[in-house]
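Please read these numbers as outputs of a predicted model, since none were measured by experiment. Here is how names work: the chains are called A, B, and so on, in the same order as the sequence lines, proteins then strands, and each is numbered from 1.
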Protein chains: 2
Amino acid sequence: MPDDFSLGSVETKIAPTERFAQFLQARGKRLTRQRRVIVEMVFSHHDHFDAEELIDHLRPLIAARQVSRPTIYRTLGELIDARMLRSIMTVSGRSVYEHDYGYPRHDHLHCQTCGRLIEFQCEPIVRLCEQVAREHDFQVAGHRVFVTGTCAACRQKR
Amino acid sequence: MPDDFSLGSVETKIAPTERFAQFLQARGKRLTRQRRVIVEMVFSHHDHFDAEELIDHLRPLIAARQVSRPTIYRTLGELIDARMLRSIMTVSGRSVYEHDYGYPRHDHLHCQTCGRLIEFQCEPIVRLCEQVAREHDFQVAGHRVFVTGTCAACRQKR
DNA sequence: TTAGCTGCAAAGCCTTTGCAATTTA
DNA sequence: TAAATTGCAAAGGCTTTGCAGCTAA
C-alpha cells in the first residue's frame, strides 16, 4: 500500500482528485464536497495562479455558500502538503501556485510588463545549481530560477 | 553631469550616503536627518535584511521619536529607486533586501532550517539564463537563482 | 519661503484563526 | 456517532496612506 505521496512512480497515472482522495484518506482526512470542487478547479487549468484568481473562478460557488475563502486557503495548503501544488514565489505580496502533479519541473521567465510567467526547462542550469551546492556542502531540496525582463509581445507593443 | 543613477561606472567610489544624496538632489528631494540615519544603518552591515530587522536596529531612535516606521518603509523604497538596494524575494510574506551598491551580484542558497542565506556567484548559470531568454525572445533585466535545502551546520546538528 | 518630509493613526491587503454548527466516513 | 470540516467574523502581520505640522534648501 502506497504511503509516501511525495514520491510515487505512478503519480501521473491517476486523476488529481483521486490522488488527493488517497492522500487525505492516508491521513484520516475527508474528501468533502468543497475540497473536491477546489481540486477540480485547480487542476482543470494548466496555469500558474494565485489565491485571488482561484477565488474568482469559484465566485459563483462562494456566492451560493457552497465554498468559502478560508476553505480555499486551507485546501491550497493541503494540496501543497500532498505535493500536488508548489508555492513558487510571492509577487507583490501574494503567493503564486503551480502544479506539482502530472506536470514537469520547470523554471520561469517573468515579464515585468504584463506579469506573464513563461516556463522553461534547462538541465544544465539544474546541474550547475547542484554543483554549487556541493561546493558549499549544502544539501539541495529544490531550486528556483527566475529570470525577470520583458517578453517579446510587450517589447513589440512599445 | 551624471544623471543616470542606474549605471554609473564610478558608483562604488563614493560613500552610500553621498550617492543617495546625489540621487535625491537630482530628483528635487532632500537628504533629511531620518534618511541619512537609515542609509547609514543599511550600509553599515553587509547583510541581507528585512524591514523588521532594520526597524530593530533603529529601535532606540524610533523610541526617541527620531525616526518612524513609515519613514523607514518609504526610504527603503527610495533606495530601491536609487538602485542601491534590491528586494530579493519575500520569504513568508516579508520583503528581503540586499545591497545593490558597492557589492557584487550574486545568488543564494537558502537554508530551510535556519533561514540563512548563503551567497554564491556562478557565471555559467548567468550565461545559461541569458541563453534561455534569447531562445524565448525575452529581454533580460535580471535573474534570481534560489537553491533551497539544508546547510552543513544544520545537517551536523541533527 | 515653500516645496518636500515626517510622525501619527488608521486603513489596506492577503491570509489565518477561534468557534459553533454541520457533515463525512 | 464522533471526529473532522465548514463558514463566519474577526484577528494577524506586514506595509501603505491621509493629513496636519515640521523642516531643509
Side-chain angles (χ1 to χ4, degrees), chain A residues 17-18 20-39 41 48-56 58-82 85 87-97 115, chain B residues 17-18 20-39 41 48-56 58-82 85 87-97 115:
Chain A
T17 307
E18 193 179 337
F20 191 42
Q22 289 180 5
F23 167 83
L24 292 170
Q25 192 169 42
R27 302 223 177 172
K29 296 183 154 197
R30 297 166 185 174
L31 180 60
T32 58
R33 183 171 39 74
Q34 290 89 336
R35 281 176 177 154
R36 185 188 299 277
V37 162
I38 293 167
V39 193
M41 190 81 246
H48 302 89
F49 64 93
D50 59 31
E52 220 37 55
E53 291 173 76
L54 181 56
I55 286 165
D56 269 348
L58 293 168
R59 203 165 295 287
L61 290 175
I62 294 174
R65 304 291 146 93
Q66 299 290 302
V67 71
S68 68
R69 277 175 99 93
T71 295
I72 292 170
Y73 279 105
R74 286 189 276 236
T75 302
L76 285 173
E78 287 154 357
L79 284 168
I80 287 172
D81 290 345
L85 229 46
S87 171
I88 52 171
M89 87 169 291
T90 60
V91 181
S92 66
R94 286 184 183 180
S95 293
V96 174
Y97 305 89
Chain B
T17 307
E18 193 180 337
F20 191 42
Q22 290 178 4
F23 167 82
L24 291 169
Q25 190 168 43
R27 302 224 177 169
K29 296 181 155 200
R30 295 165 187 176
L31 179 61
T32 60
R33 182 171 40 74
Q34 290 90 334
R35 281 175 178 155
R36 184 188 299 274
V37 163
I38 294 167
V39 193
M41 191 77 244
H48 303 89
F49 63 94
D50 61 30
E52 220 38 54
E53 291 174 77
L54 181 57
I55 286 165
D56 269 348
L58 293 168
R59 203 164 296 286
L61 290 175
I62 294 174
R65 305 290 145 93
Q66 300 289 302
V67 70
S68 67
R69 276 176 101 90
T71 296
I72 292 170
Y73 280 105
R74 286 189 276 238
T75 303
L76 285 173
E78 286 153 358
L79 285 168
I80 287 172
D81 290 344
L85 229 46
S87 172
I88 53 172
M89 89 170 291
T90 60
V91 181
S92 67
R94 285 185 182 178
S95 292
V96 174
Y97 305 90

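Between A:D56 atom CG and C:dC14 atom P there is a gap of 11 Å when expressed in whole angstrom units. In this entry the distance linking CZ of B:F23 with P of C:dG4 reads 14 Å, nearest Å. Distance B:I55 CD1 to D:dG13 C1': 12 Å, rounded to the nearest Å.
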Extract from the structure each pairing of a protein N or O with an N or O of nucleotides 5-12 of chain C at less than 3.5 Å, listing the distance.
residue, atom, partner, partner atom, Å
C:dC5, OP1, B:R30, N, 3.0
C:dC5, OP1, B:R35, NH1, 2.7
C:dC5, OP1, B:R35, NH2, 3.3
C:dT6, OP1, B:T32, OG1, 2.8
C:dT6, O3', B:Q34, NE2, 2.9
C:dG7, OP1, B:Q66, O, 3.4
C:dG7, OP1, B:V67, N, 3.1
C:dG7, OP1, B:S68, N, 3.2
C:dG7, OP2, B:S68, N, 3.2
C:dG7, OP2, B:S68, OG, 2.4
C:dG7, OP2, B:T71, OG1, 2.2
C:dG7, O5', B:S68, OG, 3.3
C:dG7, N7, B:R74, NH2, 2.9
C:dC8, OP1, B:R65, NE, 3.2
C:dC8, OP1, B:R65, NH1, 3.2

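Here the side chains of A:I55 and A:Y73 are in contact, with some heavy-atom distance below 4.5 Å. Between A:M41 and A:I38 there is no side-chain heavy-atom pair separated by less than 4.5 Å. Counting only heavy atoms from C-beta outward, the side chains of B:I72 and B:I62 approach each other to under 4.5 Å. Between B:T71 and B:T32 the shortest side-chain heavy-atom distance does not fall below 4.5 Å. The side-chain heavy atoms of B:L76 and B:L54, taken from C-beta on, include a pair separated by under 4.5 Å. Side-chain contact between B:V37 and B:Q66: absent, with no pair of heavy atoms (C-beta onward) separated by less than 4.5 Å.
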> Checking side chain to side chain contact (heavy atoms under 4.5 Å, CB included) for the pair B:F49/B:L85: CA distance, chi angles, key distance, verdict?
Replying inline: CA-CA 11 Å; B:F49 63 94; B:L85 229 46; 4.1 Å; yes

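In this model, the phosphate group of D:dT16 is not approached by any side-chain N or O of B:Y73 to a distance below 4.0 Å at OP1 or OP2.
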Output field dot_bracket for DNA chain D (Watson-Crick or G-U, both distances under 3.5 Å, | for other-strand pairs) contains |||||||||||||||||||||||||

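The two residues A:A82 and A:F20 have their closest heavy-atom pair at CB-CD1, 4.3 Å.
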